[in-house]
Structures are given as C-alpha cells and as structure tokens.
**Q** 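First the structure, then my questions, so here it is.
The chains referred to below are lettered A, B, ... by the order of the sequence lines, with proteins before strands, and numbering in each begins at 1. In this text, all values refer to a predicted model and were calculated from it rather than measured experimentally.
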2 protein chains.
Amino acid sequence: MSEEIPPNGGEVDAITEAVLTASRLLVGVSAKSVAAVAGPITLPQFRLLVALGSRGPLKLVSLAEMLGVNPSTATRTVDRLVTAGWAQRNSNPDSRREITVSLTDAGRDLVDRVTEYRRSEISAIVERIPHEDRAGLVRALQAFTEAGEEPPPRASPYDAGLTEWQ
Amino acid sequence: MSEEIPPNGGEVDAITEAVLTASRLLVGVSAKSVAAVAGPITLPQFRLLVALGSRGPLKLVSLAEMLGVNPSTATRTVDRLVTAGWAQRNSNPDSRREITVSLTDAGRDLVDRVTEYRRSEISAIVERIPHEDRAGLVRALQAFTEAGEEPPPRASPYDAGLTEWQ
DNA sequence: GGGCAAGAATTGCATTATGCAATGGTGATG
DNA sequence: CATCACCATTGCATAATGCAATTCTTGCCC
C-alpha cells in the first residue's frame, strides 16, 4: 500500500454514512410533498400517475412492469384512477387486445403540482447550503450517480422519488 | 444584492437535479437489498423490524408513530411478525397497560443481513468514485443534510431507507 | 383458411396494509 | 373514589398485491 485508502480505511464508510443520512432527508421531503398536495390520493396511485406523466400513455403491461407490480394490480389501480378522474383508458386502434392509459388534464395537473412542490422543497434546502460547498456538491453527486449507474435501473417512477419502500 | 446568485441563476436548479438523480439511484439500491435478502417478508413488516433494530424495544404507540401509521396497523403487523418468529411482545412490569415489542434473534439477524447487504451495495458504488471526488462528496453531503435538518424528521425507519413510497 | 400458441387485459380469490371508530383495561389526578 | 387520559386491541371498510384462471385478439404454421 502506498499513501492511503486501505481496503476500507474509513473513507468509504464515511461516505456511505453520509449518503445514507442524506437519503433519509430526501425521503422525508418526498413524503411531505405528496401529502401536502395530493390530498386524498394514495401513494401507489400517485406513483402510477407519475409513471404516466413521465412516459406518456402506456400499455397496461408496460405500466405494470415500470411500477414493478402485477398487471392485475395495475388494472385495478387504473380502475380507481379512472373513477377519480385522474386517468383514462384509451382503446388502441391498431390492436384491439391492447389499451393505453393516459393522464387526464386533472391528473397531469396533480402530478405537476406535486413535482413542483417537491422541487421547491429541495431547492429551499439547497439554498441554505453555503456557497463554497455548492460547486463540490454537483460534482460529487454526479460522480456518485455515475458510479452507480452501471445498469440503469428501471426508469421512470423513481424520477418522482416515489416507490413503495424506498 | 452584490456579486452573484440571482434568485435562481441555475446553480440551485443544477444541484436540485443532481440530488433528484442521486436519490433515484439510492432508491433502487434499497429495493434490491430487501428483495435479495428478506425473501418472503413484506416491506411494511421489514420496516417495522428496522425500527425495532435501531431503537430497541418500543411501545406499540411509539412504534406506530415512528412508522407514521395508525396504532391499529402496527398492532396487526406485529401480530404477523410474532407469528413469523421475527418479533415478540413483552409485557411491561411497570405498567400493565403498555407492552413493548422487540426483535427475536431471528428478527435481528434478518435486519442485520439486509443492512449489511445494502451497505455493501452503497460501498461498492462509493468505491467506484474517483478519489479526487470523494472528499468533496462527504463535505457536500453533510452540507446538504445540515441544510435540510431544520426540524429533524421522524427518525429511525428512514435509517434503513425504508418507507412506503420513498 | 383453420387451428393453435402467445400476448393482453381482466376477473376471482386470498392475504396484507391502512385508517377510523369503538371497546376494555390501566394509571393518574383531583 | 370518580373521572379523565392513555394504551392496546378489535370491528369494519377500502386499497394494494400476487397468483391463477378466463376471455379476446394476434400471429403464425400447415
């Protein structure tokens, strides 16, 4: 060994801890955002709306796959969202065995409001970060993300920070 | 106003985006960890075990509060965990109207294995970060966390990165 | 073209997760 | 000791989930 960083001399552990702690904070922000804006909707339902918002109209199977749930679960969640007026089923003229699900205007509006709120919450935190720390943050976070993006995980619902656990 | 950083000159937005992206990654890591180790347990159940693991034996009400659920939900989840052999109810000699819930050895073991796995996943990512970016990461993440920790959010289950959504 | 396998959505069934509203027991305070 | 607050639990209703049919629809092969 030459200068530092033995197999795990503490630096890696320190960063890991820092990451976990920061993660905890983010989790709280997301919860707060949905609760503050989305009122009576449930999280799984909102997650489905987010998927539609970020990927556009989707077949039911694709939707289920994105959310990591069984198609039957997706079907029934869509049922509820349709009833609530946030999503709609569209028949596909090319293939009668498929349908697409898309947001209604109300649904899109809901997603936008929550996203907006969440973004503003994070911005508020970022604005309290001392200027001299900011430049390092972007570089560091990008380095972290790139290091972890070997196989890009399932894409979209995560964009809203919404998943079943974390 | 003196030198720079207008209301939102882009720097804040850039950091916000970086944070959101990194958050997405973390979410994936947590999901993978539980799925890989915890097998047949559900997420809400595991979340309860994590709370017990990080805070020790807890009254039912405290547990429910930590998890952000109704006490009745906690009661029934504990029922299932007890049946599965991962948790136990202990009568409190000081106050017969309270009970405490604690991990069994099997429960503690399960939590340890998942935590270990998750930590190793994050470490693996951290180790792929170029050395010159690492120091910046710790400082930056700490700055971020401190900036957000105005009112420290509900504590413990987040420690394992486990929540219902994110 | 007829028939058959694969794909897509849905429905049936069972279990878990949740919240709200009692209920029954226990402690504390006056 | 009488009442009020606190604690766990249970009853009831709804949502979320997965697995296993079921029903159409498409594609493909003979």
**Q** Would you say a side-chain N or O of Thr42(A) is under 4.0 Å from OP1 or OP2 of dA15(D)?
**A**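 No, because none of the side-chain N or O atoms of Thr42(A) sits under 4.0 Å from OP1 or OP2 of dA15(D).
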**Q** So if I apply the side-chain contact (heavy atoms from CB on, under 4.5 Å) rule between Leu103(B) and each of Leu49(B), Leu48(B), Val50(B), which one comes out positive?
**A**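 Among Leu49(B), Leu48(B), Val50(B), the one meeting side-chain contact (heavy atoms from CB on, under 4.5 Å) with Leu103(B) is Leu49(B).
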**Q** Under the rule for salt bridge (Lys or Arg N to Asp or Glu O under 4.0 Å), what residues qualify as partners of Asp112(B), not counting sequence neighbours?
**A**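 Testing Asp112(B) for salt bridge (Lys or Arg N to Asp or Glu O under 4.0 Å), a comparison that skips the adjacent residues, returns none.
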**Q** Nearest-Å distance, CD (Glu65(B)) to C1' (dC7(D))?
**A**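 In whole Å, dC7(D) C1' and Glu65(B) CD are 13 Å from each other.
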**Q** Starting the side chain at C-beta, find the nucleotide from dA15(D), dC12(D), dT17(D) nearest to Val69(A).
**A**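 The listed nucleotide nearest to Val69(A)'s side chain is dT17(D).
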**Q** I need the CG-P distance between Asn92(B) and dT9(D), as an integer number of Å.
**A**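 Taking atom P of dT9(D) as the reference, CG of Asn92(B) is at 13 Å.
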**Q** Considering just the side-chain nitrogens and oxygens of Lys59(B), establish if one lies under 4.0 Å of OP1 or OP2 belonging to dA8(D).
**A**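 False: Lys59(B) side-chain N/O out of range (4.0 Å or more) of dA8(D) OP1/OP2.
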**Q** Are the side chain of Thr104(B) and the backbone of Gly85(B) linked by a donor-acceptor contact shorter than 3.5 Å?
**A**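 Flag set: sc Thr104(B) to bb Gly85(B) pair under 3.5 Å.
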**Q** Thr73(B) side chain to Val69(B) main-chain N or O, any donor-acceptor pair under 3.5 Å?
**A**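 Here the side-chain-to-backbone pair does not exist.
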**Q** Among side-chain atoms of Thr100(A) and Asn92(A), is any donor-acceptor pair under 3.5 angstrom?
**A**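 Absent: no donor and acceptor within the cut-off.
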**Q** Which heavy atom of Ala147(A) sits nearest to which heavy atom of Ile125(B), and what is that distance?
**A**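 Ala147(A) and Ile125(B) have their closest heavy atoms at CB-O, 3.4 Å.
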**Q** In whole Å, what is the span from the CD1 atom of Ile99(B) to the C1' atom of dC6(D)?
**A**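 My rounded result for the distance is 14 Å.
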**Q** Which of the following nucleotides, dT16(C), dG19(C), dA8(D), is nearest to the side chain of Glu98(B)?
**A**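 Nearest listed nucleotide: dA8(D).
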**Q** On DNA chain D, check which nucleotide each of Asp79(B) and Pro71(A) is closest to and give me the residue with the more 5' one.
**A**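 That would be Asp79(B).
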**Q** Grab the CD-P distance between Gln45(A) and dT14(D) for me, whole Å please.
**A**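 It works out to 14 Å between those atoms.
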**Q** Under 4.0 Å between a side-chain N or O of Thr75(B) and OP1 or OP2 of dT9(D)?
**A**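 So the side-chain polar atoms of Thr75(B) do come within 4.0 Å of the phosphate oxygens OP1 or OP2 of dT9(D), strictly under.
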**Q** Mind calculating the distance between CD1 (Ile41(B)) and P (dT17(D)) to the nearest angstrom?
**A**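 The answer, rounded to whole Å, is 17 Å.
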**Q** Which nucleotides of nucleotides 24-30 of chain C have their base under 4.0 Å from a protein heavy atom (B), which only their sugar-phosphate (S), and which neither (-), written as one string 5' to 3'?
**A** -BBS---
**Q** Rounded to the nearest angstrom, tell me the gap between atom CZ in Arg89(A) and atom P in dC24(D).
**A**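 In whole Å, dC24(D) P and Arg89(A) CZ are 17 Å from each other.
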**Q** Tell me the interatomic distance from Phe46(B), atom CZ, to dT17(D), atom P, rounded to whole angstroms.
**A**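 Checked: the CZ to P distance equals 19 Å.
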**Q** Any idea which of dT16(C), dA21(C), dA8(D) is nearest the Ser72(B) side chain?
**A**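 Looking only at side-chain atoms, Ser72(B) lies closest to dA21(C).
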**Q** Any idea which heavy atoms bring Glu127(A) and Arg134(A) closest together, and the distance?
**A**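 Looking at all heavy atoms of both residues, the closest pair is O-NH2, 3.1 Å.
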**Q** So which nucleotide from dT18(C), dT17(D), dC7(D) ends up closest to the side chain of Pro44(A)?
**A**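 My answer, after comparing the listed nucleotides, is dT17(D).
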